[in-house]
A.B. asks: 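There's a structure below that I have some questions on.
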There are 2 protein chains.
Amino acid sequence: MIETENPSSIRLDSIDINIIRQLQNNAKITNKDLASQLELTTTPIYERVKRLEKLKVIETYVALINPVKVGKGLMALCMVRLEKHTKEKLAAFEKHVANIPEVVECYHLAGQYDYHLKILVRDMNAFQHFIVNKLSTNENLANVQSSFVMSRITDTTAVPLTEES
Amino acid sequence: MIETENPSSIRLDSIDINIIRQLQNNAKITNKDLASQLELTTTPIYERVKRLEKLKVIETYVALINPVKVGKGLMALCMVRLEKHTKEKLAAFEKHVANIPEVVECYHLAGQYDYHLKILVRDMNAFQHFIVNKLSTNENLANVQSSFVMSRITDTTAVPLTEES
DNA sequence: ACTGAAAAACCCGCATT
DNA sequence: AATGCGGGTTTTTCAGT
């Protein structure tokens, strides 16, 4: 069995893990509240958070928006296959996709498909426009298999944390 | 053509859109900075943000964590098909999946598959454990088609905003 | 690596227009 | 709906352990 050690070699103790756990759920929690939960004062909390930010364990803090309330009620998932897989063709496709604002996720895959895309649009009409006028203008595209999200059972930005970090 | 009006009927002007745009990128921006960018004082910014929170346009504020740096270096996408689609069987599967911490996304789909799952684990070994001991313990599962993320071209939590909101 | 305290910056309500 | 001010919190720094 291959051991997969944390490649970035960042030592996180249980206090760090707890801080991350809290901030993943609510970035607005105060150092004071964190401190009282962890039975510390604000200074070590402050310094630990700054350290996690500096190490890029914490990448950013963001507001999460309800897409329905800003007129983006349709989420689609597209599994994409390309014709050719040369380095240049892959890079060209990635550049193409990176410039389409409707695409909120684009992952290069190992498996049956080449790319997974997550699309946020107003409605099916806007989706058709995306497919016809935006995605399929890339010459190397072979085929796209789309699915539409009816309901979200789980949808979290929080990375599941175990004590082995 | 069917007109799809914003179903929640929330009127957002360009100042609101700009506030949301900023907060989607950086939740830590101060009202003061937002105010100077939008050429206002802090009070209207404060009141608009509070309104957006109250209307649940802004759902929460979260810290985004680099999964690699906390030992979750493997992301997998699973397309799931179930045997039976009765209301009870679907609800049972959803409840099952909602209790697996490795599952950060579970969407019920219209299309060729029933569910899309996004999985975050340490490595392939942990993924196998997830499949064998966690996911496939649901009796109604027919088959799972897994893909593995090699690279992320785009990966944002920001909803693309147009002026028609 | 932590405590405790103090300085600086910001949040948030209020009076006003 | 906006401005401007002021009290209360929070963030951030610092001396001491």
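Atom set for the values below is all heavy atoms of this structure, side chains included, hydrogens, waters and symmetry mates excluded. Proteins get letters first, then strands, A, B, ... in listed order; numbering begins at 1 in each. Nothing here was measured: the structure is a model prediction, and the numbers come from that model.
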A.B. asks: Give the rounded distance in Å between these two atoms: NZ of B:Lys50 and P of C:dC10.
C.D. replies: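 My rounded result for the distance is 16 Å.
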A.B. asks: Return yes when atom CD of A:Glu139 has more than 12 non-hydrogen atoms of other residues, nucleotides or ligands closer than 6.0 Å, and no otherwise.
C.D. replies: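 Counting other residues, nucleotides and ligands, CD of A:Glu139 stays at 12 neighbours or fewer.
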A.B. asks: Taking atom CD as the centre, does B:Gln112 end up with more than 12 heavy-atom neighbours from other residues, nucleotides or ligands that are less than 6.0 angstrom away?
C.D. replies: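 Enclosed.
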A.B. asks: Go nucleotide by nucleotide along DNA chain D from the 5' end; which of B:Thr41 and A:Glu47 gets its closest nucleotide reached first?
C.D. replies: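 The answer here is B:Thr41.
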A.B. asks: Return the value, rounded to whole Å, for the distance between atom CG of B:Leu34 and atom C1' of C:dA9.
C.D. replies: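 The answer, rounded to whole Å, is 16 Å.
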A.B. asks: Grab the OH-C1' distance between B:Tyr46 and D:dG6 for me, whole Å please.
C.D. replies: 15 Å
A.B. asks: Of the candidate nucleotides C:dC12, C:dG13, C:dT3, which contains the atom at the shortest distance from the side chain of B:Thr43?
C.D. replies: C:dG13
A.B. asks: How many Å lie between CG on A:Leu40 and P on C:dA1, as a whole number?
C.D. replies: 13 Å
A.B. asks: Which nucleotide sits closest to the side chain of B:Lys32: C:dC10, D:dT3, D:dT11?
C.D. replies: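 Looking only at heavy atoms from C-beta outward on B:Lys32, the closest nucleotide is C:dC10.
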A.B. asks: Can you measure A:Arg51 atom CZ to C:dA1 atom P for me and round it to whole angstrom units?
C.D. replies: 8 Å
A.B. asks: Atom CZ in B:Phe127, atom CG in B:Leu74: separation rounded to 0.5 Å?
C.D. replies: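 One finds 7.5 Å between CZ of B:Phe127 and CG of B:Leu74.
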A.B. asks: Locate the shortest heavy-atom distance separating B:Arg21 from B:Leu161; write the atom from each residue and the value.
C.D. replies: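 For B:Arg21 versus B:Leu161, the nearest heavy atoms are NH2-O, 3.0 Å.
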A.B. asks: In whole angstrom, give the distance that lies between atom CG of A:Asn31 and atom P of C:dA6.
C.D. replies: 19 Å
A.B. asks: Just the rounded figure in Å: distance from C1' of C:dC11 to CZ of B:Arg48.
C.D. replies: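 Going from CZ in B:Arg48 over to C1' in C:dC11 covers 18 Å.
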A.B. asks: What is the separation between atom NZ on B:Lys28 and atom P on C:dC10, rounded to the nearest whole Å?
C.D. replies: 13 Å
